There are 4 protein chains.
Amino acid sequence: MRRRGRGRGDARTRILDAAEELFAADGYEATATARVARRAGVPKGLVFHYFPQKIDLLVALVEERTHIEEPGSPVPEGSPGDPAGALARLARRLPLRASPAMRRILFREADTHRSVRDRLHALNRAVLHRARTALEIALPGARGDAARLEAAAATFTAVLLYQENLAHLTGHHVDPDAVADLIARSLGG
Amino acid sequence: MRRRGRGRGDARTRILDAAEELFAADGYEATATARVARRAGVPKGLVFHYFPQKIDLLVALVEERTHIEEPGSPVPEGSPGDPAGALARLARRLPLRASPAMRRILFREADTHRSVRDRLHALNRAVLHRARTALEIALPGARGDAARLEAAAATFTAVLLYQENLAHLTGHHVDPDAVADLIARSLGG
Amino acid sequence: MRRRGRGRGDARTRILDAAEELFAADGYEATATARVARRAGVPKGLVFHYFPQKIDLLVALVEERTHIEEPGSPVPEGSPGDPAGALARLARRLPLRASPAMRRILFREADTHRSVRDRLHALNRAVLHRARTALEIALPGARGDAARLEAAAATFTAVLLYQENLAHLTGHHVDPDAVADLIARSLGG
Amino acid sequence: MRRRGRGRGDARTRILDAAEELFAADGYEATATARVARRAGVPKGLVFHYFPQKIDLLVALVEERTHIEEPGSPVPEGSPGDPAGALARLARRLPLRASPAMRRILFREADTHRSVRDRLHALNRAVLHRARTALEIALPGARGDAARLEAAAATFTAVLLYQENLAHLTGHHVDPDAVADLIARSLGG
DNA sequence: AATGAATGAGCGTTCATTCAT
DNA sequence: AATGAATGAACGCTCATTCAT
């Protein structure tokens, strides 16, 4: 396959790059495939060669550009007695690999596109699981009850995953580290 | 003016009702004005009689169907010593009067429509202010830790305002009461 | 009939005034009746009360605001031996009473509206007749032949009637007096 | 590219042919793009493929279908002493190549579309220049009377360029040859 | 694999016209 | 006579998608 002039990668990659940028900026509905092609520097027909339906662009982005790291690896997520540190460490190793653009796409389009929503649910489940595990390890005595720990994990997951979106939508940034500290205190850490 | 058409209210109201439903369900971009008209039981032209541009539907919804209650009224928001109760009470008297449908519209369209985003920022500011005040009253001794109190107020505001959306996006409901309890504990309530 | 606030005359007159302005500026097709109403300061319905069809506005303007003076009156149009003077005098007493706006309407819409075209033909016939008569009187010997005199009258009529339009369309003004002089010379005056 | 459709030329040409006919007959405003497509035998969308905006049809027509011949070529425009012949010859070699339909479009739409008006001004300037030059060559002795010569050239240009339109608007044809003769006489030819 | 002309359904919007009051 | 809400046909234009090459 001949390399194309303007772009860095092959045509398919450039098409996805363009779609990612445009979907993030303007939304899926408001982005015409012709604009994707133009931005990618490829002829319009080629977009449909690789992605027979427009929705396939979105599906491919979500499938190929949001990776959830497997938590199975031996990651000593938290040292006992330091729940705040455990959560902060989790924040730093967010098991979601996705560009900020991909996150905006994920949140925006999840509302109306089931396949995106499913992916977002899976991501959320993964992070929530990690947070819960980290807190359980950090607080071996399971002080307080399970319900409180669940609420803490859920709150932290929400703040962690949605921080950019919350900041954008509310005009107010909530710092995950501060929330980690808050939560740790409430669990008696 | 023909008072009352086929439906419950007058035409303009029915058009807004229809737009609210459809924008919430499918998004603004994906909703054709013709569908709004059909759902409202009015001819297409009448939609444009009242709302010369499609965007005016969204603007009117946001302006007329999201009210921020004035916090000035004598609301004994919290009794000293009971921050959890204060927040819970705030949750029950959310100063945002908007249907769940309006909230979904607000969050979804804020991303791409400035006027909606401005409104959402204002709402957030109002709720944040209330939460902060409630905590200050409930914890008069907590003066020393302004940063922690701010983080607590911001976290609670986020969970409170976005609960339905978070539930929808994550597949997981976070209970504001549980978060209120969590926060209260962490502030030494 | 109550006098209306903004305008000078009654509603019907103000509607015609507005139509005259707008048709002249933008053309009949490109002028919406709603704009006519707005400019006239009357409700939309009233335009259709007086002029049941949009075209009636144009017809009324042409019928009521272009008057052809009757040449029957004893006007000593030219003194024998001075054809240039005779034509110049005719130019000064153009038997067409119509505002510059009305003339633009007449020429522009004659192309596609038969009733306007008929009126314009009548106007042309009247002016042509006057020009011919003036030349015949000024040149009693009928020097040269009739065909030449006819060409002279037609040329002068065209320049006289269409001068503003020619100027607008060509960017070049042709002075009727200079043409009168030219023609007089060619007829041996 | 599917070479040749149903009609005579390729699709773009057929679209312009149709637009030329319809704009000339009914005016630009009164001609729907759908009618252009139907007359051209192409689907509606294809018109917008080639001409993204309706106005581009008019612009393309004016740019591609009105040519002003360069006057630079060695055209012995007039032999000295025969101004009538010189003008008659100019009439026969009008430096404006445009169908009668294009001329009607030019005059009608110049009123409201600046690009068309600009083109018309350029055409007028070119013809006026030719007429002036022809008269200067044919009447080398007429140096003293520049103003009269200018009026003669302008009058002839107007009659020459606008003859069809004047005929249509007035119901009266003015023969350019007769006017050429008239003018020649008045300049003492 | 690559291309861009071709297609047609559908969209937002305009607007002359009607009509109940 | 006066009003403006109501109506629907039509318009300019967009766009996902097809397909011959």
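As the structure is a computational prediction, the values presented were derived from the model and not from experiment.
Note on D:Asp17 versus D:Arg65: salt bridge recorded, some NZ/NE/NH1/NH2 to OD/OE distance being below 4.0 Å.
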Steps toward side chain to side chain contact (heavy atoms under 4.5 Å, CB included) verdict (C:Arg108, C:Phe23):
CA-CA 9 Å; C:Arg108 210 192 129 77; C:Phe23 290 174; over 6 Å; no
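In this structure a side-chain-to-backbone donor-acceptor pair under 3.5 Å is present from A:Arg117 to A:Asp111. A:His121 places a side-chain N or O within 3.5 Å of a backbone atom of B:His168 that can act as its donor or acceptor partner. Side-chain N or O atoms of C:Tyr28 include one that pairs as donor or acceptor with a backbone N or O of C:Ile55 at under 3.5 Å.
As a whole-Å value, the separation of A:Asp26 CG from F:dC15 P is 11 Å. Atoms CG (D:Asp56) and C1' (F:dC13) sit 12 Å apart, rounded to a whole Å.
Distances shown here put every side-chain N or O of A:Tyr50 at or beyond 4.0 Å from the OP1 or OP2 atom of E:dA1. Close to F:dA5, at under 4.0 Å from its OP1 or OP2, lies a side-chain N or O of B:His49.
For the 3.5 Å distance criterion, the side chains of A:Asp10 and A:Thr13 qualify, holding a donor opposite an acceptor.
Under the 4.5 Å side-chain criterion, counting only non-hydrogen atoms from C-beta, C:Leu123 is in contact with C:Leu106.
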Sugar-phosphate means primed atoms, P, OP1 and OP2; the rest is base. With that split, encode nucleotides 8-13 of chain E 5' to 3' as B, S or - using protein heavy atoms under 4.0 Å.
B-BSSB
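Stretches of at least 3 consecutive Watson-Crick or G-U wobble pairs, with each checked distance under 3.5 Å, appear in DNA chain E as E:2-21 with F:2-21.
Rounding to the nearest 0.5 Å places CZ of A:Arg119 at 11.5 Å from CG of A:Leu58.
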